[in-house]
Amino acid sequence: MTDGFIRWYRESAATPVFAAQAELFEAHGLRLVHPAKGAAVVLDVEGDDVLMSPEELGRLLGLRIASLTMNWWLSADVDVVDEYAYEPLGCETQTLWLDGLTPEQADTVEAAVLASAAALPVPTRAVIVDRKGVGDPGAWDSPVLYDGENLPPVPDRLLLHPLLADRFLTARPELSGETTEGGLTALTPVRTR
């Protein structure tokens, strides 16, 4: 069992959308710039804070040369660690860790990710919301990125691109799908009476 997380898979953007994502996150109460330090906070390999401007962070992400771990801020004392990575098949992943957050704070993070997935011009492949950490974020790479057939346990919320949802629904008949406002398909367990 891991800590709770939200894993967002999306196609790599021809034009980086990080600045637009930061605006959408901020509209939901999740800030890139630390309220007291006045800068974005990136974590180095030792887990220490490295302060930089949001523009410099966006530039580094736009270069797609390495994975980065950064913090988003709910307040000066409450952060959300975000692992931002590039996959070889033209996909970006963001894993936002929910450990240490209250249910209301986790709601804020989830709302920010879902709003961004719906609003940004980059197609989303999947959003996995596993608040209890029943699975491992990396376990979703095979079915989402590489057409793997072994599906991890169904998390709290599973939103998929319609083509991916069709494949999951075929493999897991105990799931049903419903189209969301953002065009993704939400999969949920079928209720039995």
Side-chain angles (χ1 to χ4, degrees), residues 1-11 21 24-25 28-30 43 47 67-74 77-89 91-118 120 123-193:
M1 185 179 267
T2 64
D3 290 322
F5 65 89
I6 298 174
R7 179 98 156 183
W8 180 15
Y9 294 86
R10 65 179 178 263
E11 303 299 325
Q21 178 190 339
L24 287 162
F25 272 29
H28 284 84
L30 202 55
L43 303 177
S67 299
L68 290 173
T69 302
M70 68 191 91
N71 287 332
W72 295 93
W73 300 92
L74 291 161
D77 300 325
V78 180
D79 67 318
V80 178
V81 175
D82 181 359
E83 297 172 356
Y84 199 109
Y86 299 98
E87 302 298 330
L89 297 177
C91 188
E92 301 170 353
T93 63
Q94 281 187 261
T95 305
L96 294 98
W97 293 97
L98 305 176
D99 52 302
L101 300 183
T102 66
E104 294 78 19
Q105 291 167 334
D107 288 345
T108 297
V109 177
E110 183 176 343
V113 171
L114 295 179
S116 296
L120 292 175
T124 290
R125 289 189 189 188
V127 177
I128 291 90
V129 180
D130 186 347
R131 289 183 180 218
K132 298 173 200 84
V134 298
D136 182 276
W140 288 97
D141 289 354
S142 176
V144 172
L145 297 174
Y146 308 111
D147 296 331
E149 295 184 13
N150 293 327
L151 302 180
V154 177
D156 300 299
R157 290 189 68 168
L158 180 57
L159 296 112
L160 302 168
H161 185 278
L163 295 175
L164 195 55
D166 289 344
R167 191 166 58 77
F168 278 42
L169 289 167
T170 301
R172 299 281 290 269
E174 73 276 13
L175 299 175
S176 67
E178 181 178 324
T179 303
T180 66
E181 185 177 314
L184 297 175
T185 302
L187 299 189
T188 56
V190 174
R191 295 180 190 217
T192 57
R193 296 186 190 260

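Only heavy atoms go into these numbers, but all of them, side chains included; no hydrogens, no water, no symmetry mates.
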Chemist: Do I6 and I128 have side chains that approach each other closer than 4.5 Å (heavy atoms only, starting at C-beta)?
Modeler: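 Of all side-chain heavy-atom pairs linking I128 with I6, none is under 4.5 Å.
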Chemist: Is there side-chain contact between V154 and R172, with at least one heavy-atom pair below 4.5 Å?
Modeler: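 V154 reaches R172 side chain to side chain.
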Chemist: If you measure from CH2 on W97 to CG on N71, what distance do you get to the nearest 0.5 Å?
Modeler: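 Those atoms lie 14.0 Å apart.
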Chemist: Taking atom CG of L30 and atom CG of L74, what is their separation to the nearest 0.5 Å?
Modeler: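 It is 5.0 Å, given to the nearest 0.5 Å.
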Chemist: Suppose we screen for side chain to side chain contact (heavy atoms under 4.5 Å, CB included). Which residues come up paired with A115, at least two apart in sequence or across chains?
Modeler: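 Residues passing side chain to side chain contact (heavy atoms under 4.5 Å, CB included) with A115: H28.
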Chemist: Between L98 and E110, is the side chain to side chain contact (heavy atoms under 4.5 Å, CB included) condition met? List the steps.
Modeler: CA-CA 10 Å; L98 305 176; E110 183 176 343; over 6 Å; no
Chemist: Could you list the residues that satisfy ring pair (Phe, Tyr, Trp, His ring centres under 6.0 Å) with W72, not counting sequence neighbours?
Modeler: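 Testing W72 for ring pair (Phe, Tyr, Trp, His ring centres under 6.0 Å), a comparison that skips the adjacent residues, returns F18, F25.
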Chemist: Do any N or O atoms from the side chain of Y9 and from the backbone of D141 form a donor-acceptor pair under 3.5 angstrom?
Modeler: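 Present.
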Chemist: How close do P153 and W140 get, heavy atom to heavy atom, and via which atoms?
Modeler: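 The answer is O-CZ2, 3.5 Å.
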Chemist: State, to 0.1 Å, how close C91 and L145 come at their nearest heavy-atom pair, and which atoms those are.
Modeler: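 Here C91 and L145 meet closest at SG-CD2, 3.5 Å.
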Chemist: Excluding sequence neighbours, so at least two apart, what forms side chain to side chain contact (heavy atoms under 4.5 Å, CB included) with S176?
Modeler: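 Per chain and number, S176 pairs via side chain to side chain contact (heavy atoms under 4.5 Å, CB included) with T188, V190.
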Chemist: Are R7 and D136 ion-paired here, with the side-chain N under 4.0 Å from a carboxylate O?
Modeler: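 No, no charged N to carboxylate O under 4.0 Å.
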Chemist: Starting at CG of L160, measure out to OG1 of T185 and round the result to the nearest 0.5 Å.
Modeler: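 Those atoms lie 7.0 Å apart.
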Chemist: Keeping D130 on the side-chain end and G135 on the backbone end, is there a donor-acceptor pair under 3.5 Å?
Modeler: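 Yes, because the side chain of D130 sits within donor-acceptor range (under 3.5 Å) of the backbone of G135.
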Chemist: Is a side-chain donor or acceptor of D3 paired with a backbone partner of D99 at a separation under 3.5 angstrom?
Modeler: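 Pair absent, no side-chain N/O of D3 close to backbone of D99.
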Chemist: Is the shortest side-chain heavy-atom distance between E11 and H161 below 4.5 Å?
Modeler: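 Result no, sub-4.5 Å side-chain heavy-atom pair not found.
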Chemist: Is there a side-chain contact between F5 and E83, using heavy atoms and a 4.5 Å cut-off?
Modeler: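 No; the side chains remain at least 4.5 Å from each other.
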Chemist: If you apply the rule side chain to side chain contact (heavy atoms under 4.5 Å, CB included), what do you find for D107 with R131, and how did you get there?
Modeler: CA-CA 10 Å; D107 288 345; R131 289 183 180 218; 2.6 Å; yes
Chemist: Looking only at heavy atoms, which two atoms of G100 and Q105 are closest? And how far apart?
Modeler: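 For G100 versus Q105, the nearest heavy atoms are O-OE1, 4.3 Å.
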Chemist: Are any non-hydrogen side-chain atoms of E87 and Y146 less than 4.5 angstrom apart?
Modeler: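 Yes. Closest side-chain heavy atoms under 4.5 Å.
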Chemist: How close do P152 and A139 get, counting heavy atoms only, and between which atoms?
Modeler: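 Where P152 meets A139 most closely, the heavy atoms are CG-O, 3.4 Å.
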Chemist: Locate the shortest heavy-atom distance separating L184 from T124; write the atom from each residue and the value.
Modeler: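 Taking L184 first and T124 second, the nearest heavy atoms are CD2-O, 3.8 Å.
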Chemist: Going by heavy atoms in the side chains, are L101 and V80 under 4.5 Å from each other?
Modeler: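 Counting from C-beta outward, L101 and V80 do come under 4.5 Å.
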Chemist: Between atom CD of E181 and atom OG1 of T179, what is the distance when rounded to the nearest 0.5 Å?
Modeler: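 Going from CD on E181 over to OG1 on T179, the span is 12.0 Å.
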Chemist: So, the side chain of R167 versus the backbone of G148: is there a donor-acceptor pair under 3.5 Å, distance only?
Modeler: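 Side chain of R167 to backbone of G148: a pair is present.
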Chemist: List the atom of A126, the atom of L164, and the distance in Å for their closest heavy-atom pair.
Modeler: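 Closest approach of A126 to L164, heavy atoms only: CB-CD2, 4.4 Å.
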Chemist: CD/E178 to CG/L187 distance, rounded to the nearest 0.5 angstrom?
Modeler: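 Going from the CD atom of E178 to the CG atom of L187 covers 10.5 Å.
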